Amino acid sequence: MTSFTQSVIDTIKHIPQGKVASYGQVAAIAGFPGAARQVVWVLHTSSEKEDLPWHRVINAQGKISLKPGSGHEQQKSLLEQEGVRFDASGTIDLDQYLWSPG
DNA sequence: AACCTGACTTCGG
DNA sequence: TCCGAAGCCAGGT
């Protein structure tokens, strides 16, 4: 499979524990730069079926985009369990936790 | 077949 | 520095 969906799913599955990646980054690595919104859609449609580490995908500012009550707390909790520290304002230190597939 | 939506990103005023 | 608008693409209705 070389579809956009499969590429994104595969990319997300490769995000290591304790690291995070932005939507745009995931799209770019998957081979579709600028397709951040489609990544959102993939998470919505395949996060459970494909058993994806959806919580490791955040926005480019190092913050969780979900609204409180819609998974925000759960995502933060899951990341903290993996060792990701949050700022007092709920921001992740990208210098330290941003995934670089190097 | 056309229109709408989505956990985004980036640029311009 | 902050806000608004446009652009990305696939899937659902």
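Convention: sequence-line order gives letters A, B, ...; per-chain numbering from 1. This one's a predicted model, so the numbers in the text were calculated from it and none came from an experiment.
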Note: contacts of residues 16-30 of chain A with DNA chain B (heavy atom, under 4.0 Å) are S22(A), Y23(A), G24(A)
Nearest-nucleotide 5' precedence on DNA chain C, P33(A) against T5(A): P33(A)
5' to 3' contact window, DNA chain C with chain A (heavy-atom distance under 4.0 Å): dG7(C) to dG11(C)
Earliest and latest nucleotide of DNA chain B, 5' to 3', sitting under 4.0 Å from a non-hydrogen atom of chain A? dG6(B) to dT9(B)
Parallel, tilted or perpendicular, judged at 30° and 60°: which one describes the rings of F32(A) and F4(A)? perpendicular
By side chain to side chain contact (heavy atoms under 4.5 Å, CB included), P33(A) pairs with (sequence neighbours left out) A28(A)
Can you confirm whether D93(A) sits close enough to D87(A) that some side-chain heavy atom of one is under 4.5 Å from a side-chain heavy atom of the other? no
Side-chain heavy-atom pair L52(A), I9(A) within 4.5 angstrom cut-off: yes
Note, V8(A) side chain near Y23(A) side chain (heavy atom, < 4.5 Å): no
Would you check if Q75(A) and I58(A) make a side-chain contact, meaning some heavy-atom pair closer than 4.5 Å? yes
For a 4.5 angstrom cut-off between non-hydrogen side-chain atoms, does W99(A) reach V20(A)? no
When rounded to the nearest 0.5 Å, the distance separating NE2 of H72(A) from OG of S77(A) is 11.0 Å
Return yes when atom NZ of K19(A) has more than 12 non-hydrogen atoms of other residues, nucleotides or ligands closer than 6.0 Å, and no otherwise. yes
Test your reading of the model: is there a side-chain donor-acceptor pair from T45(A) to the backbone of V42(A), 3.5 Å cut-off? yes
Interface residues of residues 34-68 of chain A with DNA chain C (non-hydrogen, below 4.0 angstrom): G34(A), R37(A), Q38(A), W41(A)
Near DNA chain B, which residues from residues 79-86 of chain A have a heavy atom under 4.0 Å away? none
Less than 4.0 angstrom from a charged side-chain N to a carboxylate O is my criterion; do R56(A) and E82(A) meet it? yes
Between N59(A) and S65(A), do the side chains contain an N or O donor and an N or O acceptor separated by less than 3.5 Å? yes
For the residue pair F86(A) and T91(A), establish whether any side-chain heavy-atom pair is separated by less than 4.5 Å. no
Do Y97(A) and L79(A) make a side-chain contact, defined as non-hydrogen atoms from C-beta onward lying under 4.5 Å apart? no
Looking only at heavy atoms, which two atoms of A21(A) and L98(A) are closest? And how far apart? CA-CD1, 4.0 Å
